[in-house]
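Proteins come first, then strands; the chains are lettered A, B, ... in the order of their sequence lines, and each starts at number 1. Being a predicted model, the structure only gives us computed values, none of them experimental.
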Amino acid sequence: MLDIKFVRKYPEIVKENIRKKFQDHKLPLVDEVIELDAKIREDKQEGDKLRAERNTVSNSIGLLMREKKIDEANEKKKQVQAINLKLETLEKEEEELSEKLKKIMMVIPNIIDPSVPIGKDDSENVEIEKFLEPKVPEYEIPYHVDILEKLKGIDLESARKVAGNGFYYLTGNIARLHSAVITYARDFMINKGFTYCIPPFMIRSNVVTGVMSFDEMDAMMYKIEGEDLYLIGTSEHSMIGKFIDTILDKKDLPYTLTSYSPCFRKEKGAHGIEERGIYRIHQFEKQEMIVVCEPEDSMKWFEKLYHYTVELFTSMQIPVRTLECCSGDLADLKVKSIDVEAWSPRQKKYFEVGSCSNLGDAQARRLGIRIKGEKENYFAHTLNNTVVAPPRMLIALVENHLQQDGSINVPEVLRPYMGGLEVIKP
RNA sequence: GGAGAAAUACCCAAGUCUGGCUGAAGGGAUCGGUCUUGAAAACCGACAGGGUGUAACAGCCGCGGGGGUUCGAAUCCCUCUUUCUCCGCCA
């Protein structure tokens, strides 16, 4: 969400940005929004005048009543009633226009960083850097579910019976490995100076509508029946929600938080649930990081954040690469975004395991997250990034550490969390 | 789940019964200044937030959120949220 004042002042920049994102159909919205804004301000001024008049006349009624000049007071009451009649239509119009303006403002994309590569869709995303050598062993790497089943580490059949498609039972050492990854990732982030946080796993509708659009909400969020509560799709929802409508003190910045939560997603639309695997599912667990910081620091944090993810994966000897989202693939709220992708020796390509985003002040503006300034308060910058989402990362882990005999080498950093176990054998 | 009490600005807090110079007193904290070799104290000033407009002033919104009554609402009514006390239930 942009600042309306910015749109008013630099409509050409906003339009150019829309073109860069290949959303030309949104171009007319810019002029529409400027026109709406002018009309709203006009209404506001007229309303202010009427309200001022009402205030003075009402006050004088108070004085007249005290002096028992009832007739004069009644005369003035009629005056105010007339003003109120005018105000009613005016206020209604203003409200309708503001609603319309807000709706459009939500759709106008955030100004992307100059460094973002221009491209239409995800096919034009740009590889930034590779870490560790992507190896393909001599022997065949089976599908991850087959690997896990052989290790008696997964039971999808029972899960389907109990909860349906898109759920899983992890069992034995694989379940333990899953927890080990989460715990290791938690400690990893704590060692980077982040504050560990366990947030609510359900949030109210007003928080949901604050952090996502209606369409996203419909496609992702599970609602609790009979309650004003939704299961979170990521802990970012409750973590950013924590800051809604707050004015932060400079000395408390930056907020660097790492949170654990299960995540629940309907995954309605686009790709849907993968039948056999645990790549895309309704419920998974995730360690997340978020940063709320001064505007001038957000790019510095952005670089740091995705490098943490890279470091975490390489510490487990999983080859990764960073892939920058091009302008057309970048979500409207984001200034810049980089995915971390892990190597799949089976598919002989990289696949997404994390996503790091700098939202600039767009999310903060939408949610009212401000910093107390010397003279004026201003909006903070917000960032979020996946530390690790174990079910998906387990795919990378087992594929990259699978031995010819079907066993899995446990990366050294995880062994302390596995009771010293070095190899998971069938 | 039941009964009761409460929510005022960074914190404390008056005002609510009885609607009207409250367009929110007072205190503390914080920031700026005077004084001082420096500090403390004292004194002076600034001080919730939002938005519009202006050369500047003024004016508008704002007392947990939303709605209502009224010429006029911090104050009366409805509703939601949160906190506290008591009872019940329960990991």
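Judged by the 6.0 Å and 45° rule, A:R186 forms a cation-pi pair with A:Y196. Seen from the ring of A:F188, A:K192 counts as a face-on cation partner, given the 6.0 Å and 45° thresholds. Annotation: cation-pi geometry satisfied between A:R392 and A:Y279 (NZ/CZ under 6.0 angstrom from ring centroid, within 45° of ring axis).
Considering only side-chain atoms of A:R51, the nucleotide from B:C61, B:U82, B:G49 that sits closest is B:C61. Of the candidates B:A48, B:C60, B:U81, the closest approach to any side-chain atom of A:K372 belongs to B:A48. Counting only heavy atoms from C-beta on, A:R8 has its side chain closest to B:U52 among B:U52, B:C60, B:G49. Closest to the A:R204 side chain, of the nucleotides B:U82, B:U52, B:C60, is B:U82.
Using a 4.0 Å heavy-atom criterion, one finds that A:N377 contacts the sugar-phosphate atoms exclusively. If you check every strand for non-hydrogen atoms under 4.0 Å, A:D228 touches nothing.
Residue-to-nucleotide proximity on RNA chain B shows that, of A:Y378 and A:N55, the 5′-proximal contact is made by A:Y378. Along RNA chain B, the nucleotide closest to A:S60 and the one closest to A:K44 are compared, and the more 5′ of them pairs with A:S60.
For the pair A:L397 and A:I318, the tightest heavy-atom approach, listed with the atom from each and the gap, is CA-CD1, 3.9 Å. The heavy-atom pair separating A:I18 from A:K26 by the smallest distance is CD1-O, 3.9 Å. Contact record, A:R176 with A:Y417: NE-O, 4.0 Å, taken as the closest heavy-atom pair.
For A:L229 and B:C80, the CG to C1' distance is 14 Å, given to the nearest whole Å. As a whole-Å value, the separation of A:D43 CG from B:U52 C1' is 12 Å. For the pair A:E227 CD and B:U81 P, the computed distance is 10 Å after rounding to whole Å. At whole-Å resolution of the value, CG in A:L50 and P in B:C61 are 11 Å apart. To the nearest angstrom, C1' of B:G51 lies 15 Å from NZ of A:K102. Protein atom CD1 of A:I4 is 18 Å distant from nucleotide atom P of B:G50, rounded to whole Å. The NZ-P distance, from A:K49 to B:U52, rounds to 17 Å in whole Å. The interatomic distance linking A:K250 (NZ) with B:C31 (C1') rounds to 14 Å, in whole Å.
For B:U52, the OP1/OP2 oxygens have a side-chain nitrogen or oxygen of A:K5 closer than 4.0 Å.
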Base versus backbone protein contacts along nucleotides 62-78 of chain B [heavy-atom cut-off under 4.0 Å; B, S, -]: ---------BS------

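Side-chain atoms of A:V291 and A:L305, non-hydrogen and from C-beta on, do get closer than 4.5 Å to each other.
Taking the P atoms as reference points, B:G62 lies 7 Å from B:A74, given to the whole Å. To the nearest whole angstrom, the two C1' atoms, one in B:C76 and one in B:U16, are 10 Å apart. Distance check on atom P: B:A24 versus B:G32 gives 27 Å, rounded to whole Å. To the nearest whole angstrom, the two C1' atoms, one in B:G28 and one in B:A9, are 14 Å apart. Atom name C1', nucleotides B:C60 and B:U54: the rounded distance is 14 Å, in whole Å. Look at the P atom in both B:A14 and B:G27: the space between them is 15 Å, to the nearest Å. With C1' as the reference atom, B:A3 and B:C61 are 38 Å apart, rounded to whole Å. Atom name C1', nucleotides B:C89 and B:G19: the rounded distance is 44 Å, in whole Å.
Aromatic ring centres of A:F201 and A:F264 lie farther apart than the 6.0 Å criterion allows.
Taking a pair as Watson-Crick or G-U with both hydrogen-bonding distances under 3.5 Å, the stems of three or more pairs touching RNA chain B are B:1-7 with B:81-87, B:10-12 with B:26-28, B:30-34 with B:42-46, B:64-68 with B:76-80.
Put simply, the side chain of A:N110 gets close to the backbone of A:L333: a donor and an acceptor are under 3.5 Å apart.
Taking the six-membered ring where the residue is Trp, A:Y255 and A:F243 present perpendicular rings, their angle passing 60° and hence far from 30°.
Checked against A:R41 for a side-chain contact (heavy atoms from CB on, under 4.5 Å), the options A:E46, A:R8, A:E94 give a single hit: A:R8.
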